[in-house]
Protein chains: 2
Amino acid sequence: MVTARIRTDQPSRAAHEGIAVRVSLKDVAAHAGVSIKTVSNVVNNYQHVTPAMRERVQRSIDALGYRPNLAARHLRKGRTGIIALALPELGNPYFAELAASVIDAASEHDYIVLLDHTGGMREQELLVSQGFRARVIDGLILSPIELEAEDLRDRAQDVPLVLLGERDYDLPYDHIAIDNVAAARAAVRHLICLGRREVAFIGARRGRSEPAQLRVRGWREELTAAGLSADEGLVAATDGWGHADGALAMNHILDSGRRPDAVFAYNDPMAIGAMRVLHERGLRVPEDIAVVGFDDVIEGRFGAVTLTSVSPDKAAIGRLAVESVLARLNDRAPEPRRIWADYRLAERESTLGRPAAGKVTDV
Amino acid sequence: MVTARIRTDQPSRAAHEGIAVRVSLKDVAAHAGVSIKTVSNVVNNYQHVTPAMRERVQRSIDALGYRPNLAARHLRKGRTGIIALALPELGNPYFAELAASVIDAASEHDYIVLLDHTGGMREQELLVSQGFRARVIDGLILSPIELEAEDLRDRAQDVPLVLLGERDYDLPYDHIAIDNVAAARAAVRHLICLGRREVAFIGARRGRSEPAQLRVRGWREELTAAGLSADEGLVAATDGWGHADGALAMNHILDSGRRPDAVFAYNDPMAIGAMRVLHERGLRVPEDIAVVGFDDVIEGRFGAVTLTSVSPDKAAIGRLAVESVLARLNDRAPEPRRIWADYRLAERESTLGRPAAGKVTDV
DNA sequence: GACGGCATGTATAACGTTGTAAAACTTGAG
DNA sequence: CTCAAGTTTTACAACGTTATACATGCCGTC
């Protein structure tokens, strides 16, 4: 069969007219009357090329509209220029914002991001970590939820892996996170300083125990340190981490007859779900119950009651994750590191004495 | 330099121990004592392979832990198995949810999604549409904001392009969207049926005119059809489409001395930003001012006042987009089509007579 | 029992790129 | 002028895969 490729005398014109033309180094070389490798040298900014030659070849490149074939380059070099980012859920705005920050950071290094989501399910996380979902990647940034250390232990080390988030493995991989225990303690301390004495925790994960563990621990430690009781009856387990889960958990606590004067939620959507329930039940935030969330997502700043939240430096996390992956790719790979990103506590109406009045706060 | 590849007598064992081993068809062929192509045939489920041979080769594949090299396959076949999805913003939960739906749909066809975001900036959209940001893709799904028709007209037709969203081009590309004019009219009609007479529109785009145009048009048409005046003084232009922009716009309208009895916002985040302002100014929703948003993002269901919103069928949009791209890839390419996705109006507290009481609504 | 036809397996040549090594030029010193 | 020591360019062989075309073996049939 005749190859379906279209060649014209004036490919540049053809290209301009929108006809598919694939131009290879070979074509450029022929056009410029030099060898393929010389063209390659020009394309790759090889040092020893005379300005005259560079000029001449560049002219042909422009004329033909040549663009390197990445598949071939990849096959040859073993690099794709793609890193994968696997997150539990895109629906959670925290992860969406994180994804944006990773994409931007990667793009600064001329890397492109392949995005995947696991739903926080071990099965999916396993597939991702072993590269079965995306097999064209130079590196992987994974934010695991259910994955166990053992799942990662016998992973083929083909592509470098960087872990994100709250899970705490003892494994030879870079891990980027904020200090969850300290951050949780800061949040709870803030509540205690407001005079709250019964602080509920919403969002311990039902079933497998690990996720949220660190934040629960922070909650427990801080209460204990303050001489208050860390009453496990005030810890509400949930199946997921969405608004609805927060609402369910809040209802559950209130239905059990408890009346905490503060709630610390695993994340913002859950805190907002909880606030909705409080509103429905006629409980005032923060007068009756103060609420603190985690992640500082944008929507927390625009509710009827704006939400106090632990605010991780998402931009830094994205940047650090990308840099870690690329460092390992380029063999500048030091010992596996635990990298702590910054965070702060963004205080808003949900923990203030007086609720809103005036202008939109803290945008 | 010696190639860094490690080969052992028992690669499977090595793989299990996490040592990087790259196994090619050649290795499998040697191991099974057959030709490379035969192994390839097995891998590709070629029809004419005896069960015995298939069995034997498969055994070698498993033993060596062979996995096809996608770069090579791509180079040979001209396909990557990757489609790109370029959205304006991931921070907007609508787009995040849409991304999730595209990823899922793609994964059903064994395709992987490369995600990019343009910030809604023409420059970025141009780069994306011409494939300068991602050059390893089989197809592109783009949700443009500022891009003009002319920008797409002289695009090289290398990879199929499918357009998403409100922009309305007369170009030979598939376009998937809901009927924005009709949806906007439905939203405004709903407000009118509630007895509202002064309906403001928030979110006409400042500067370049196109985006939001269809929704503004729907607003205008429906008001006119109802015999009401489509007062352009009630249309607030904004720079972006976030919560803060909605808040600014709402403030702007109120500061101008107008007191509309309803607000129709370009999207949910803007509607929520507007509601926050109304709350700060002591105006009640819906009693004083009813609010309708667009996109039906999850957070609209958990505010103190839940938000009525136009709810596009995001799953369908994602699915249709992926199917369109793949159809065009496989040459089953009919005439460029405009495909309408479903939508409905999700009615909630922000347009009800009486606000919440009872349970979390409509999750 | 040779022969067409079919099912099965194989050798080889691409795909477009870059690394290596060697060839072809410069240049400047003796 | 020659030759050594650069600098610049070239030829060629990979990278791992699949398409093509061909070789083989096995039927049943004339």
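A note on names: the letters A, B, ... follow the listed sequences, proteins ahead of strands, and every chain is numbered from 1. Just so it is clear, the values below take in all heavy atoms, side chains as well, and ignore hydrogens, waters and symmetry mates.
Contact annotation: R73(A) reaches the phosphate of dT18(C) (side-chain N/O to OP1 or OP2, under 4.0 Å). At the phosphate of dC15(C), neither OP1 nor OP2 sits under 4.0 Å from any side-chain N or O atom of N69(A). In terms of phosphate contacts, S35(A) brings a side-chain nitrogen or oxygen within less than 4.0 Å of OP1 or OP2 of dT10(D).
At a threshold of 4.0 angstrom between heavy atoms, the contacts of V43(A) with the nucleic acid are absent. Using a 4.0 Å heavy-atom criterion, one finds that Y66(A) contacts the sugar-phosphate atoms exclusively. Nucleic acid contact class of T50(B) (heavy atoms, under 4.0 Å, all strands): sugar-phosphate only. When heavy atoms are screened at a 4.0 angstrom cut-off, I36(B) is found touching base atoms of the nucleic acid. At a threshold of 4.0 angstrom between heavy atoms, the contacts of N41(A) include nucleobase atoms, whether or not backbone atoms are also involved.
The residues R319(B) and D104(B) are annotated as not salt-bridged, no charged nitrogen and carboxylate oxygen being separated by less than 4.0 angstrom. Using a 4.0 Å cut-off between charged nitrogen and carboxylate oxygen, E148(A) and R167(A) count as a salt-bridge pair.
Rounded to whole angstrom, the span from the CG atom of N45(B) across to the P atom of dT8(C) amounts to 14 Å. Between the P atom of dC15(C) and the CG atom of L25(B) lies a distance of 19 Å, rounded to the nearest Å. At whole-Å resolution of the value, CG in L64(B) and C1' in dG16(D) are 15 Å apart. Atom P of nucleotide dT17(D) and atom CG of L70(B) are separated by 9 Å, given to the nearest angstrom. Atoms CZ (R56(B)) and P (dT8(C)) sit 15 Å apart, rounded to a whole Å. K26(A) has its NZ atom 10 Å from the C1' atom of dC15(C), to the nearest Å. Between the NE2 atom of H74(B) and the P atom of dT18(D) there is a distance of 13 Å, rounded to whole Å.
Within the model, atoms CZ of R328(B) and OH of Y173(B) stand 10.0 Å from one another, a figure rounded to the nearest 0.5 Å. For the atom pair L87(B) CG and L164(B) CG, the distance stands at 7.5 Å (nearest 0.5 Å). Between R76(B) atom CZ and S40(B) atom OG the span is 10.0 Å, to the nearest 0.5 Å.
Taking for each of T38(B) and K77(B) the nucleotide of DNA chain C with the nearest heavy atom, the 5'-most of the two is the partner of T38(B). Along DNA chain D, the nucleotide closest to K37(A) and the one closest to H48(A) are compared, and the more 5′ of them pairs with H48(A).
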Close N/O contacts between protein and nucleotides 26-28 of chain C (under 3.5 Å):
none

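N41(A) and H48(A) share no donor-acceptor pair across their side chains, judged by distance under 3.5 Å alone. In this model, a donor atom of one side chain and an acceptor atom of the other lie less than 3.5 Å apart for D27(B) and S24(B).
In the set dT18(C), dG16(D), dG9(C), the nucleotide with an atom closest to the side chain of L75(B) is dG16(D). For M53(B), the listed nucleotide lying nearest its side chain is dG9(C); candidates were dG9(C), dT9(D), dT17(D).
You'll find a donor-acceptor pair under 3.5 Å spanning the side chain of R76(A) and the base of dA14(D), going by distance alone.
Qualifying side chain to side chain donor-acceptor pair (under 3.5 Å) partners for N69(B), counting only residues two or more places apart in sequence or in other chains: none.
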